[in-house]
Novice: 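Below you will find the structure I want to go over with you.
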Amino acid sequence: MAVLWNKKIKEMIGSVVSIKMQDTIVVKASVVTMHPIYKKRYVKYKKCYAHIDSGIECQVGDRVTIRQSRPLSKLKRRTFVSKIS
């Protein structure tokens, strides 16, 4: 989580699933949660749409960091921050 102008901005790390749209990447992020009764951990996956500038190159399978932002379109609520090597 990053603090930006006295706001807590959520950041997520995930892998790129699709790059077929223009200026948009689809990122699959995992969240580990615990069952309330059985106390067993399990993994949930969330698919997020993120805006990416046209000069930045990403390929399917890359690990990236995305940050929460204002709504950019109907589904895009995050922006691309950096590529993790």
Side-chain angles (χ1 to χ4, degrees):
M1 189 170 347
V3 178
L4 190 66
W5 296 293
N6 297 329
K7 292 183 180 180
K8 292 181 181 178
I9 306 295
K10 294 182 182 177
E11 289 187 349
M12 299 174 74
I13 296 174
S15 59
V16 178
V17 178
S18 174
I19 56 170
K20 293 180 181 179
M21 291 177 272
Q22 184 177 355
D23 295 337
T24 304
I25 57 173
V26 182
V27 178
K28 180 180 169 183
S30 62
V31 178
V32 178
T33 58
M34 187 178 287
H35 194 277
I37 297 172
Y38 301 116
K39 307 299 183 194
K40 181 178 171 85
R41 292 183 193 96
Y42 61 97
V43 180
K44 286 180 166 181
Y45 294 99
K46 184 172 187 176
K47 187 169 73 167
C48 303
Y49 293 86
H51 178 76
I52 187 168
D53 293 327
S54 58
I56 301 170
E57 290 294 324
C58 278
Q59 299 299 323
V60 175
D62 289 346
R63 291 195 42 90
V64 295
T65 304
I66 56 176
R67 179 180 293 154
Q68 185 180 12
S69 68
R70 64 181 178 85
L72 298 169
S73 68
K74 181 181 176 182
L75 296 174
K76 282 200 284 190
R77 302 291 189 264
R78 290 170 171 57
T79 55
F80 173 82
V81 176
S82 65
K83 188 175 172 180
I84 300 170
S85 57

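Source: prediction; values computed, not measured.
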Novice: Are side-chain heavy atoms of Ile19 and Gln59 found at a separation under 4.5 Å?
Specialist: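 The answer is yes; the side chains approach within 4.5 Å.
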Novice: Heavy-atom distance under 4.5 Å between the side chains of Asp53 and Asp23, does that happen here?
Specialist: no
Novice: Ignoring hydrogens and angles, tell me if any N or O in the side chain of His51 forms a donor-acceptor pair with the backbone of Phe80 under 3.5 Å.
Specialist: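 Answer holds: no.
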Novice: Can you find a heavy atom in the side chain of Ser82 that is under 4.5 Å from one in the side chain of Val64?
Specialist: no
Novice: Using side-chain heavy atoms (C-beta onward) and a distance below 4.5 Å, is Cys48 in contact with Ile66?
Specialist: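 Cys48 vs Ile66: side chains touch.
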Novice: First locate atom NZ of Lys83, then atom CD of Glu57, and finally report the distance between them rounded to the nearest 0.5 Å.
Specialist: 8.0 Å
Novice: What distance separates Met12 CE from Gln68 CD, expressed to the nearest 0.5 Å?
Specialist: 10.0 Å
Novice: Given side chains that start at C-beta, do those of Arg77 and Leu72 come closer than 4.5 Å, heavy atoms only?
Specialist: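 No - every pair of side-chain heavy atoms lies 4.5 Å or more apart.
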Novice: To the nearest 0.5 angstrom, please state how far the OG1 atom of Thr79 sits from the CZ atom of Arg70.
Specialist: 10.0 Å
Novice: I would like to know whether Thr24 and Lys76 meet side-chain hydrogen bond (donor to acceptor under 3.5 Å, both in side chains); could you show each step before the answer?
Specialist: CA-CA 8 Å; Thr24 304; Lys76 282 200 284 190; 3.1 Å; yes
Novice: Taking the side chain as everything from C-beta on, heavy atoms only, tell me whether Lys39 gets closer than 4.5 Å to Met34.
Specialist: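 They are in contact (side-chain heavy atoms under 4.5 Å apart), so the answer is yes.
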Novice: Any side-chain heavy atom of Lys47 within less than 4.5 Å of one from Val27?
Specialist: no
Novice: In terms of heavy-atom contacts, does OH of Tyr42 have more than 12 from other residues, nucleotides or ligands at under 6.0 Å?
Specialist: yes
Novice: Validate the cation-pi geometry between Lys28 and Tyr45: distance from NZ or CZ to the six-membered ring centre under 6.0 Å, angle to the ring axis within 45°.
Specialist: yes
